Amino acid sequence: MTAKKKPRVYLTRKLPDAVETRMRELFETELNIDDTPRSREELIAAFRTADVLVPTVTDRIDEAMINEAGPQLKLIASFSNGFDHIDVDAAAKKGITVTNTPNVLTEDTADMTVALILAVNRRVAEGSRILTDKPGEWDGWSPTWMLGRRIWGKRIGIVGMGRIGTAVARRAKAFGLSIHYHNRKRVNPATEEELEATYWDSLDQMLARVDIVSVNCPSTPATFHLLSARRLALMQPTSIIVNTARGDIIDEAAMIQLLRDHKIAGAGLDVYQNEPAVNPKLVKLAKEGHVTLLPHMGSATIEGRIDMGDKVIINIRTFFDGHRPPNRVLPGRN
């Protein structure tokens, strides 16, 4: 009996060793050992030879690229929770299935959201830099030095009460925050009761009344610059904004101006509008202690990355066994 041919799988970035080893066992896998981002030309070449492409959020898979795919490419198994980097509709027209890796990054991203809330309010990064960048400058404890703001008893407004937003709310409640949220629809009554959460159908009304704004909604055409210049201006001058979702949900230029004018007290950012480029004005604000910046590491845990890899493998195996993969992304959702 002839052995079943292994699908040719192309990884655009380096994945955890445990994931790559399992993929090599199951598939004919081309690795990216040095983790150098693939160029557009390299990705197009892979589209012409691979049976499966495994991209990440940094790979922009547009219609023109998809149209270059050979007839053998049947699956784009993205190593990502989101799928806004892939033209899913174009893939569907070409007969290519798209999958993602949802529901494994919820807790890690929620942890980082709370970490940023604490870091901004309690000036954690600024305090750390004093010891590392200015040795000898610290003279010891002082009753009026490096004062931050208490978060206990404050109001948090969560923009997007999905899995991650709900996980943030549970953590925030444990820290003594009052939970407010805006979502396309209300969460179920049991969750609202558990979190003692207040629903706002008007995002404008909520932004004007909370002390902390946490952005946790997906990036879609409808949420592009959802936090617009007009809406950001509604925030209180003592409030802060934290974003661990996607950079383009916030009008970054408007946010920067409000921070510079002290009309917003601070920001904690893990994502950026033109990522991986970070606006130099944001870097300057960080050096001045107004914002805390992280390099898109909200989901960066060993456990989370391995879980993502496991989902990619399951999606590939299920697809080539002739079944619908469990994490298929349907067209029309971009």
Side-chain angles (χ1 to χ4, degrees), residues 13-14 34-37 57-58 105 108-152 154 156 168 171-172 175 177 211-216 227 232 235-305:
R13 301 296 296 267
K14 177 166 178 55
D34 60 5
D35 199 33
T36 302
V57 292
T58 61
L105 305 178
D108 299 329
T109 305
D111 285 346
M112 189 61 81
T113 301
V114 174
L116 280 170
I117 290 170
L118 287 166
V120 175
N121 279 285
R122 298 302 303 273
R123 304 172 69 178
V124 172
E126 189 182 356
S128 177
R129 285 196 301 271
I130 287 171
L131 297 181
T132 58
D133 299 350
K134 303 174 182 178
E137 184 172 304
W138 184 49
D139 293 328
W141 183 88
S142 168
T144 58
W145 187 65
M146 284 297 293
L147 298 180
R149 289 184 179 275
R150 176 186 294 165
I151 67 168
W152 185 90
K154 298 296 196 305
I156 182 171
V168 170
R171 287 159 172 75
F175 276 91
L177 286 158
D211 306 291
I212 300 163
V213 175
S214 178
V215 181
N216 300 108
L227 277 298
L232 289 169
M235 293 173 58
Q236 302 174 57
T238 55
S239 61
I240 72 161
I241 188 165
V242 169
N243 189 6
T244 56
R246 287 289 186 271
D248 61 9
I249 298 169
I250 298 177
D251 183 335
E252 196 169 272
M255 177 185 65
I256 289 170
Q257 190 59 52
L258 289 167
L259 286 162
R260 294 175 75 179
D261 293 342
H262 304 289
K263 294 181 178 178
I264 298 177
L269 307 173
D270 188 43
V271 289
Y272 308 92
Q273 188 163 319
N274 299 305
E275 200 171 311
V278 179
N279 192 313
K281 293 178 181 178
L282 275 177
V283 176
K284 184 174 186 293
L285 285 166
K287 290 178 178 178
E288 293 170 353
H290 298 296
V291 303
T292 298
L293 306 179
L294 295 177
H296 201 150
M297 53 189 282
S299 62
T301 67
I302 294 169
E303 297 87 349
R305 294 289 188 254

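Bear in mind the structure is a predicted one, so any value in this text is a computation, not a measurement.
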Given Asn279 and Asn274, is the side chain to side chain contact (heavy atoms under 4.5 Å, CB included) satisfied, shown in steps? CA-CA 8 Å; Asn279 192 313; Asn274 299 305; over 6 Å; no

With side chain to side chain contact (heavy atoms under 4.5 Å, CB included) as the test, would you mind laying out the steps for Ile256 and Leu285 before giving the verdict? CA-CA 8 Å; Ile256 289 170; Leu285 285 166; 4.1 Å; yes

Stepwise side chain to side chain contact (heavy atoms under 4.5 Å, CB included) test for Leu258 and Met235: CA-CA 10 Å; Leu258 289 167; Met235 293 173 58; over 6 Å; no

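For the pair Gly304 and Leu105, the tightest heavy-atom approach, listed with the atom from each and the gap, is O-CD2, 4.2 Å. The minimum heavy-atom distance between Val168 and Ser214, with the atom names listed, is CG1-OG, 4.1 Å. Between Ala245 and Val271, the shortest heavy-atom distance links the atoms O-CG1, 3.6 Å. Between Arg123 and Leu147, the closest heavy-atom pair is NH1-O, 3.0 Å. Scanning both residues, Ala267 and Met255, for their nearest heavy atoms gives CB-SD, 4.4 Å. The two residues Ser299 and Arg305 make their nearest non-hydrogen contact at OG-NH1, 2.8 Å.
Between atom CG of residue Asp111 and atom OG1 of residue Thr301 there is a gap of 8.5 Å, rounded to the nearest 0.5 Å. Between the CD1 atom in Ile240 and the CG atom in Leu259 there is a gap of 10.5 Å [rounded to 0.5 Å]. Remark: Ile264 CD1 to Gln236 CD distance equals 11.0 Å, nearest 0.5 Å.
For Leu294, the side chain to side chain contact (heavy atoms under 4.5 Å, CB included) partners two or more places apart in sequence, or in a different chain, are Met112, Leu116, Asp270, Met297.
Looking at Arg260 and His290, their side chains never come closer than 4.5 Å, going by heavy atoms from C-beta outward. Residues Lys154 and Asn121 are not in side-chain contact: their nearest non-hydrogen atoms beyond the backbone lie 4.5 Å or more apart. In this structure the side chain of Leu118 reaches within 4.5 angstrom of the side chain of Ile151, judged on heavy atoms. Looking at heavy atoms from C-beta onward, Asp139 lies out of side-chain contact with Trp145 at the 4.5 angstrom threshold. Between Asp211 and Arg149 the shortest side-chain heavy-atom distance does not fall below 4.5 Å. Two residues are said to be in side-chain contact when any heavy atoms from C-beta on lie closer than 4.5 Å; Val283 and Val278 meet this criterion. Residues His296 and Arg246 meet the side-chain proximity criterion, which asks for heavy atoms closer than 4.5 Å.
A distance-only check finds no donor-acceptor pair linking the side chain of Gln257 to the backbone of Ala254 [under 3.5 Å].
A side-chain N or O of Thr113 and one of Thr244 form a donor-acceptor pair less than 3.5 Å apart.
Residue-environment remark: CZ (Arg171) exceeds the threshold of 12 foreign heavy atoms within 6.0 Å. By the neighbour-count criterion of 12 heavy atoms within 6.0 Å, atom NZ of Lys281 is sparsely surrounded, having that number or fewer from other residues, nucleotides or ligands. Within 6.0 Å of atom CH2 in Trp138, 12 or fewer heavy atoms from other residues, nucleotides or ligands are found, so the atom counts as exposed in its surroundings. No more than 12 heavy-atom neighbours from other residues, nucleotides or ligands sit within 6.0 angstrom of CZ on Arg122.
The side chain to side chain contact (heavy atoms under 4.5 Å, CB included) test with Val213 is passed by exactly one of Leu232, Ile156, Ile241: Ile241.
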